[in-house]
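Okay, so here's the structure we're looking at.
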2 protein chains.
Amino acid sequence: MIISLDLQSESPLYIQLRNKIIEGIASKQLLPGEALPSVRTMAADLGVNMHTINKAYQLLKQDGFIHIHRQKGVVINPDSMPELNKEYLKNLTESLQPLISEAICRGMKVEEFLKISKELYHQLLTGGDQK
Amino acid sequence: MIISLDLQSESPLYIQLRNKIIEGIASKQLLPGEALPSVRTMAADLGVNMHTINKAYQLLKQDGFIHIHRQKGVVINPDSMPELNKEYLKNLTESLQPLISEAICRGMKVEEFLKISKELYHQLLTGGDQK
DNA sequence: TTATCTGTTATATTGATTGTATAACAGATA
DNA sequence: TATCTGTTATACAATCAATATAACAGATAA
């Protein structure tokens with residue numbers, strides 16, 4: 001899976017990386033049990049510092065998306081994915097709230113918002129069908 | 001309209017304020033032409049610095065949500081709201097992408113995601129019907 | 001006229017976040 | 001033994017978030 005970071009983006013590099021990997025899992029470009037590059041390799045590939053990669057990996061580990069073995073390396077969680085628990089749902093709602101509020105202000109109808117979300121959902125599921 | 005900020009939140013105060021005002025417009029708690037407190041008054045009300053308020057107002061002005069007259073003060077844009085233009089739609093998509101990706105990973109079906117969005121949309125429209 | 005209100009601008013300071021740069025460590029493996 | 005893992009510790013620079021004062025121009029109300 002090819003990953004690139006946007007150095008011009010306002011969102012931090014380690015957040016971008018976290019999201020790209022989650023996106024990879026969602027689209028099955030990254031499969032359960034699949035190995036990820038070591039922090040040093042990934043850092044070299046992306047042209048950023050090792051600690052930036054480590055920060056992203058720690059976030060993913062904390063939520064249960066990946067497993068980290070001190071010697072074996074990093075793999076996509078082979079057994080399960082994090083749950084749809086209350087904390088996550090609260091977080092999701094709080095993230096959606098400002099997006100939907102602004103959409104309403106700009107005159108977007110609920111059907112239009114749902115259409116965009118639905119299309120995005122299916123698009124992410126297949127991920128453009130790249131390897 | 002009552003506004004409160006969360007000092008513990010990871011999102012900046014001026015972003016929180018921006019979002020609260022947009023939420024107020026969406027729910028019609030803030031109406032076109034309605035005046036907002038001056039930067040100093042709002043700062044005193046919320047217990048934060050004047051410049052924090054000013055930063056939020058500048059963002060809102062830049063997008064066209066409010067008008068600022070150097071002497072008259074700040075009012076909700078009486079004539080129109082910002083459009084559903086390409087730039088905004090691109091921005092919306094980029095914001096939704098990581099949320100939907102994570103939802104997919106956690107096993108949320110598209111129907112469930114759309115249901116949450118739809119309910120949130122209508123909930124924000126009425127805003128709990130407070131003044 | 002004077003005092004007070006508006007947004008605006010400038011400057012300085014503090015603290016946290018982001019990202020980089022090195023270095024070292026323990027354990028497994030080739 | 002050399003090399004690879006993740007981990008940890010420091011240090012540093014740049015940026016961001018937020019505060020603290022202060023001053024200004026213009027409008028308005030006393």
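Computed over heavy atoms, backbone and side chain alike; hydrogens, waters and symmetry mates excluded. Chain letters run A, B, ... following the sequence lines, proteins first and then strands; every chain starts at 1.
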Closest-nucleotide ordering on DNA chain C, the 5'-leading residue of B:Ser38 and A:Leu13
B:Ser38
Walking DNA chain D from its 5' end, the first of B:Arg40 and B:Thr52 to be reached, judged by nearest nucleotide, is B:Thr52
Starting from Watson-Crick (N1-N3 plus N6-O4 or O6-N4) and G-U wobble pairs under 3.5 Å, report the runs of at least three that DNA chain C belongs to.
C:1-30 with D:1-30
Rounded to whole angstroms, how far apart are CG on A:Leu5 and C1' on C:dG19?
12 Å
Round to the nearest Å and state the distance from A:Tyr14 atom OH to C:dG19 atom P.
7 Å
Can you hop from B:Met1 to B:Leu31 via hydrophobic side chains spaced under 4.5 Å?
no
Closest heavy-atom contact between B:Ser101 and A:Ala26?
O-CB, 3.6 Å
Heavy-atom contact window of chain A on DNA chain D, given 5' to 3' at under 4.0 Å:
D:dT5 to D:dA9
B:Glu10 CD to C:dT18 C1', straight-line distance once rounded to whole Å
15 Å
Under 4.0 Å between any heavy atoms, over every strand shown, what does A:Tyr57 touch: base, sugar-phosphate, or nothing? Just pick one.
nothing
Exactly one of A:Leu60, A:Leu30, A:Leu59 should register a side chain to side chain contact (heavy atoms under 4.5 Å, CB included) with A:Ile66. Which one does?
A:Leu60
Any idea which heavy atoms bring A:Ser9 and A:Gln16 closest together, and the distance?
CB-NE2, 3.3 Å
Hydrophobic clusters here meaning ILVMFWY residues chained together by side-chain heavy-atom distances under 4.5 Å, can you tell me if B:Leu114 and B:Ile116 are in one?
yes
Under 4.0 Å between a side-chain nitrogen and a carboxylate oxygen: does that hold for B:Glu111 and B:Lys115?
no
Minimum heavy-atom separation for A:Arg106 and B:Leu84, please, with both atom names.
O-CG, 3.4 Å
Please report, rounded to the nearest Å, how far the P atom of C:dT17 is from the CG atom of A:Asn54.
17 Å
Roughly, in whole Å, what's the span from CG in A:Leu46 to C1' in C:dG19?
14 Å
Quick check: closest heavy atoms across A:Gln97 and B:Leu124, and the distance to 0.1 Å?
O-CD1, 3.6 Å
Between CE of B:Met81 and CD1 of B:Ile22, what distance do you get to the nearest 0.5 Å?
9.0 Å
Value in whole Å for how far the P atom of C:dT17 lies from NZ of A:Lys55
8 Å
Which residue, B:Gln58 or A:Gly47, contacts DNA chain C at a nucleotide closer to its 5' end, judged by nearest heavy atom?
B:Gln58
Please list, in numerical order, the residues of residues 67-79 of chain B that have a heavy atom closer than 4.0 Å to any atom of DNA chain C.
B:Ile68, B:His69, B:Arg70, B:Gln71, B:Gly73, B:Val74
Would A:Lys28 and A:Glu34 pass as an ion pair if we require N to O under 4.0 Å?
no
Expressed in angstrom and rounded to an integer, what is the separation of A:Asn49 atom CG from C:dT17 atom C1'?
15 Å
Would you sort out whether B:Glu23 and B:Arg18 count as a salt bridge (charged side-chain N to carboxylate O under 4.0 Å, His left out), showing the intermediate values?
CA-CA 9 Å; B:Glu23 196 182 315; B:Arg18 187 200 94 113; over 6 Å; no
